[in-house]
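Input: a single structure, listed below in structure tokens.
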Amino acid sequence: MKILIVEDEPDLARDIAAYLSGESYLCEFAANYEEALEKIDVYSYDCILLDIMLPGGTGINILEELRKQNKQDGVIIISAKNAIEDKIRGLQIGADDYLAKPFHLSELAARIHSLIRRKQFDTTNIITQHELQIDLLAKLVMVEGQEVPLTRKEFDLLLYFVSNKNRVISKAAIAEKLSGDLADMFDNYDFVYAHVKNLKRKLQEAGYGNYLKTIYGSGYKWEI
Amino acid sequence: MGNMSKLLNRSLKNTIAYSAIVLACSIPVYYFILSELWRYEMAEHNITLSPEAGREDSFLIIGTVTMLTVLFFGLLIAGLILVNRRSSGKLWRPFYSSLEKIRNFDLTQQTPAFEPTNIAEFEELNEQLHKLIDRATVAYKQQKEFTENASHELQTPLAILTNKVDILLQSDGLTEKQFHIAEEMYKALIRSSRINKNLLLLAKIENGQFDKSESISIRTLLGQSMEVLQEYFAEKKISVDLNIHTDVEIQANCDLTEVLLNNLLMNAIRHTPAGGVIRVILSVLKLEVKNSGEHALNPDLLFKRFSKMSADNAGSGLGLSIVQEICKLHGWEVKYRFENKEHIFTVLF
């Protein structure tokens, strides 16, 4: 699967590519407005990570150009601007998602994963891992045909792990994921532990193997 | 206008006192000249008066002169007051108009246009005022822009650092000690990002970058916030008493109002001991968030940026400043008081 990273900060672009490298993704780069326009003109991508502020122009224009050409590439805006108007504008003209910098690479990976899923399957959208099946549309989790009742938070967590398989995710990143902006005022990660513990227990009770490893008591890894 | 009459009265009083003295002094002079003339005329026509008649004449002259003087004095004063009132009002008008403009001015607005005047002193005053205000406005703007730009510029290095730690965590052979160091770096980074985000939000509110004309219902927003925060209430075993007497439907910025409610509620959660009670009361144009506590907090420091009131340092130190700025933007008022072992935050819409 092809991903275009439109980002003028070389460090950021490289790290994103490095983090995604384990997956079957092929990353290409564009460091400025012209380069990005050239690339989207010639190729098509499964997912484009688009920075808004670029040397030579704004990412919003690239997005407009893309939609004008009727291209169906998935677009995730990654912006340091974090302005609500930018987000709304971007989504209005056809971005699929918006992620404000700074973000965790695990969060970005989850968004890419979910975007590519959405684009690939329109009707049924099922992720299978060994005996585990996740129905993204119905938000159902099955182990060997048997439904595992999960809360919404546990479902989100499971998806987060699955889309970051074989990666170490720290508790702090999960806390951010689970509480979003509300994490602002809390420094207590106990609730992360509680949610992960429940998820693990439910999956094991349903007969799913122990793929979720704890790393030094403060990180997690979904090993497949 | 009270000041105005005082100022005018003062100048008028001096004029009147001076005229009174001059006129009073003129009475003996008039008397002397008139009696001299009188005596001269009498001598010329060889008339001699008896001492009684002479004294009578003297009294007559003094009486007439005094009466005339008083009459003219009265006329003079009446005229002076009239003229003074009329011309001074006109004369001082540019001054008071400038004063009024400065009184209504605050730094977030544009420099007021002072009324042009043909009086050199007032023109000079206006010019200097204009310069002073311009300088203050520029400094204020620069400071605001600086906060916003600095926060923006910090986002990218923070993003790079966060991602580096993400990558670091993936390294094979990371020892437990190293892992925990990376985790601590992570937490510090998350905190810096939050402070940065909140500073940016504050700068944006101050720079007036939000639309305040959305129709919102506080009851609905409150319901949403309570639902999202449910988990945190449960985690700390805090019981919530939500009391809605009436809805508040109002024109405001929806996102910011959400931030305001969340900040107030999260603040309450953070500072309520486990097993405590939080009470939320919504009545006519008024929201109260009450939580149990031991000691009153200093209301002067409470809303100040980065003034930490407790040892717990998880917060960005900006939550309540943001609440206050959001209120200021909408023309609402937020107040704190401590009553019956309860911290009470009140928002008057």
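Each chain gets a letter, A, B and so on, in the order its sequence line appears, and its residues count up from 1. What you are looking at is a predicted structure, and each value in this text was computed from that prediction instead of being measured. All heavy atoms count here, side chains included; hydrogens, waters and symmetry mates do not.
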Could you tell me whether B/Lys141 atom NZ has more than 12 heavy atoms of other residues or ligands within 6.0 Å of it? no
Can you tell me how far the NZ atom of B/Lys187 sits from the OG atom of A/Ser218, to the nearest 0.5 Å? 7.5 Å
Looking at A/Glu223, I want to see if its CD is surrounded by more than 12 non-hydrogen atoms of other residues, nucleotides or ligands under 6.0 Å. yes
Between A/Ile169, A/Ile215, A/Ile16, the one whose heavy-atom pairs under 4.5 Å with chain B are most numerous: A/Ile215
Which atoms of B/Glu183 come close to chain A, meaning under 4.5 Å heavy atom to heavy atom: side chain ones, backbone ones, both, or neither? side chain
Turns out that what part of A/Lys221 lies under 4.5 Å from chain B's heavy atoms comes down to neither
May I ask you to check whether over 12 heavy atoms, not counting those of B/Lys335, lie within 6.0 Å of atom NZ? no
Should we count CZ of A/Arg201 as having more than 12 external heavy atoms under 6.0 Å? yes
Do A/Tyr19 and B/Ile167 have side-chain heavy atoms sitting under 4.5 Å apart? yes
Please report the shortest heavy-atom distance between B/Leu174 and A/Tyr216, naming the atom on each side. O-OH, 2.7 Å
Looking at side-chain heavy atoms only, is the closest gap between B/Lys164 and A/Asp11 below 4.5 Å? yes
Crowding at NZ, A/Lys165 (>12 non-hydrogen neighbours, <6.0 Å): no
Return the NE2 to NZ distance between B/His152 and A/Lys101, rounded to the nearest 0.5 Å. 11.0 Å
Please name the pair of heavy atoms, one in B/Ser193 and one in A/Pro102, separated by the smallest distance, quoted to 0.1 Å. OG-CG, 3.4 Å
The reported gap from OH in B/Tyr186 to NE2 in A/His104 (rounded to nearest 0.5 angstrom) is 4.5 Å
Should the heavy atoms of other residues, nucleotides or ligands under 6.0 Å from CZ of B/Phe338 be counted, would the total exceed 12? yes
Heavy-atom side-chain proximity of A/Ser170 to B/Leu169 below 4.5 angstrom: yes
How long is the span from the CD atom in B/Gln155 to the CD atom in A/Glu9, to the nearest 0.5 Å? 12.5 Å
Once rounded to the nearest 0.5 Å, what's the spacing between atom CD of B/Glu231 and atom CG of A/Leu178? 7.5 Å
Under a 4.5 Å heavy-atom criterion, the part of residues 26-33 of chain A in contact with chain B comprises none
Under 4.5 Å heavy-atom distance to chain A, tell me which part of B/Leu158 shows up: side chain, backbone, both or neither. both
Find the one option among B/Thr156, B/Val259, B/Thr175, B/Asp211 whose heavy-atom pairs under 4.5 Å with chain A are most numerous. B/Thr175
Using modelled atom types and a 3.5 Å cut-off, is there a donor and acceptor pairing between side-chain atoms of B/Asn163 and backbone atoms of A/Asp15? no
Atom CD of B/Glu227: over 12 foreign heavy atoms under 6.0 Å: no
Heavy atoms from other residues, nucleotides or ligands near OH of A/Tyr193 exceed 12 (cutoff 6.0 Å): no
